[in-house]
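Written out below as structure tokens is the structure these notes cover.
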Amino acid sequence: YGTPAPGGCSTRAADENFDYLFKIILIGDSNVGKTCVVQHFKSGVYTETQQNTIGVDFTVRSLEIGGACGSMQVWDTAGQERFRTITQSYYRSAHAAIIAYDLTRLSTFESVPHWIHEIEKYGAANLVIMLIGNKSDLWEKRHVLFEDACTLAEKYGLLAVLETSAKESKNIDEVFVLMARELIARNSLHLFSEGTLGSLPLDSSPVLVAQSPSEKTHCSC
Ligand SMILES: Nc1nc2c(ncn2[C@@H]2O[C@H](COP(=O)(O)OP(=O)(O)OP(=O)(O)O)[C@@H](O)[C@H]2O)c(=O)[nH]1
Ligand SMILES: [Mg+2]
């Protein structure tokens, strides 16, 4: 897939003039590195000492995908149990979810079915779900095999599994580009059927709603 333009869709005003709006919720156990991943996506910088997220943090970045400008709105949620009721209220308006685990801690991978269940319970139907195994730089401490993550992704019909490292800048943009492409592909099918392609609304209403289940349940690596 293509490389995002360095400063987002640079000739445009990043927050208002875009073709697509993607709302993505980022979930997973505490300390798997969700905030580091989203900060790296936003600024290209890794910050070692992150505080645990309190409730939900919002980040936005524009991405150029196939000549169109997409605004990626990422809701970075707290993994800590005590914030569950706050984070649950953010599932409803999301087009997609990214579930993160820490590939050095098996328990965070074993929680993935729980997070899928949360999406099914609180999210819209047919939400696009991607799985990321973070901290791939710590490969000598690996406790989760990539093959096992792929098996789980296939079992639950997830879009893809990517192993990432916020610390070593591995696969971070790829996660969001892949997600954006999938959402555009699904939405295009919907728009064709409605006969409205080419007249995408630019107001605050959700531009992208995942309408049809995807054929893709493969691991993308
Ligand atoms: N080695 C390594 N450490 C990482 C990576 N990403 C995050 N960390 C570290 O993991 C710890 C937790 O990172 P956070 O991003 O705060 O984790 P979180 O998932 O947002 O945690 P909550 O906000 O509590 O849900 C921090 O000490 C980070 O420095 C990575 O790619 N590699
Ligand atoms: Mg966090």
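Order of appearance sets the numbers: ligands from 1, and atoms from 1 within every ligand. Each residue takes its place number in the sequence, starting with 1.
Interface atoms of ligand 1 facing S165, defined by a heavy-atom separation under 4.0 Å, are 31 (O). For ligand 1, the atoms lying closer than 4.0 Å to a non-hydrogen atom of C36 are 6 (N), 7 (C), 13 (O), 15 (O), 28 (C). Atoms of ligand 1 lying under 4.0 Å from any heavy atom of K34, numbered from 1 in the order shown and given with element: 15 (O), 17 (O), 18 (P), 19 (O), 20 (O), 21 (O), 22 (P), 25 (O). Near N52, the atoms of ligand 1 lying under 4.0 angstrom from a non-hydrogen atom of the residue are 21 (O), 22 (P), 23 (O), 24 (O). Within ligand 1, counting atoms from 1 as listed, the ones closer than 4.0 Å to a heavy atom of G79 are 22 (P), 25 (O).
Remark: side-chain polar atoms of N134 are not paired, donor with acceptor, to backbone N or O of Y101 under 3.5 angstrom. Under the 3.5 Å distance criterion, the side-chain polar atoms of R142 are matched with a main-chain donor or acceptor of V144. One N or O on the side chain of T108 and one on the backbone of D102 form a donor-acceptor pair closer than 3.5 Å. Side-chain N or O atoms of T77 include none that pairs as donor or acceptor with a backbone N or O of T87 at under 3.5 Å.
Scanning all protein heavy atoms for the shortest distance to atom 13 (O) of ligand 1 gives G33 CA, 3.5 Å. Of all protein heavy atoms, the one lying nearest to atom 3 (N) of ligand 1 is Y46 OH, 3.3 Å. Summary of contacts: the protein heavy atom closest to atom 16 (O) of ligand 1 is Q50 CB, 3.2 Å. Ranking protein heavy atoms by distance to atom 21 (O) of ligand 1, first place goes to N31 N, 2.9 Å. Protein heavy atom in closest approach to atom 31 (O) of ligand 1: A166 N, 2.8 Å. Closest to atom 10 (O) of ligand 1, if we only count protein heavy atoms, is K135 NZ, 3.0 Å.
In terms of the ring pair (Phe, Tyr, Trp, His ring centres under 6.0 Å) criterion, Y46 has no residue partners (sequence neighbours excluded). Taking the side-chain hydrogen bond (donor to acceptor under 3.5 Å, both in side chains) definition, one finds that T35 meets it with T53, D76, sequence neighbours left out.
An N or O contact shorter than 3.5 Å links D137 to ligand 1 by distance. Inclusion of D76 in the set of residues having an N or O under 3.5 Å from an N or O of ligand 1 is not warranted. At under 3.5 Å, not a single nitrogen or oxygen of G28, backbone or side chain, sits near a nitrogen or oxygen of ligand 1. The shortest N or O to N or O distance between E48 and ligand 1 is under 3.5 Å. Residue Q80 has no N or O atom closer than 3.5 Å to an N or O atom of ligand 1.
Checked for salt-bridge contact, K42 and D57 miss the test: no charged N lies under 4.0 Å from a carboxylate O. Salt bridge absent: E118 and K121 never bring a charged side-chain N and a carboxylate O closer than 4.0 Å.
The side-chain tip of R61 points at the ring of F41 from less than 6.0 angstrom away and within 45° of straight on.
Contact annotation: N52 places no N, O or S atom under 2.8 Å from the Mg ion (ligand 2). Counting backbone and side-chain atoms alike, T77 contributes no N/O/S atom closer than 2.8 Å to the Mg ion (ligand 2).
When the shell of 6.0 Å around NE2 of H143 is examined, it contains 12 or fewer heavy atoms from other residues, nucleotides or ligands. Heavy-atom contacts from other residues, nucleotides or ligands closer than 6.0 Å to CG of L145 number more than 12. More than 12 heavy-atom neighbours from other residues, nucleotides or ligands sit within 6.0 angstrom of CD on E140.
Within the 4.0 Å heavy-atom criterion, the part of L138 lying near ligand 1 is the side chain and not the backbone. Within the 4.0 Å heavy-atom criterion, the part of N134 lying near ligand 1 is the side chain and not the backbone. For A78, every heavy-atom contact with ligand 1 shorter than 4.0 Å involves the backbone, none the side chain.
Between M179 and A97 the shortest heavy-atom distance is CE-O, 3.6 Å.
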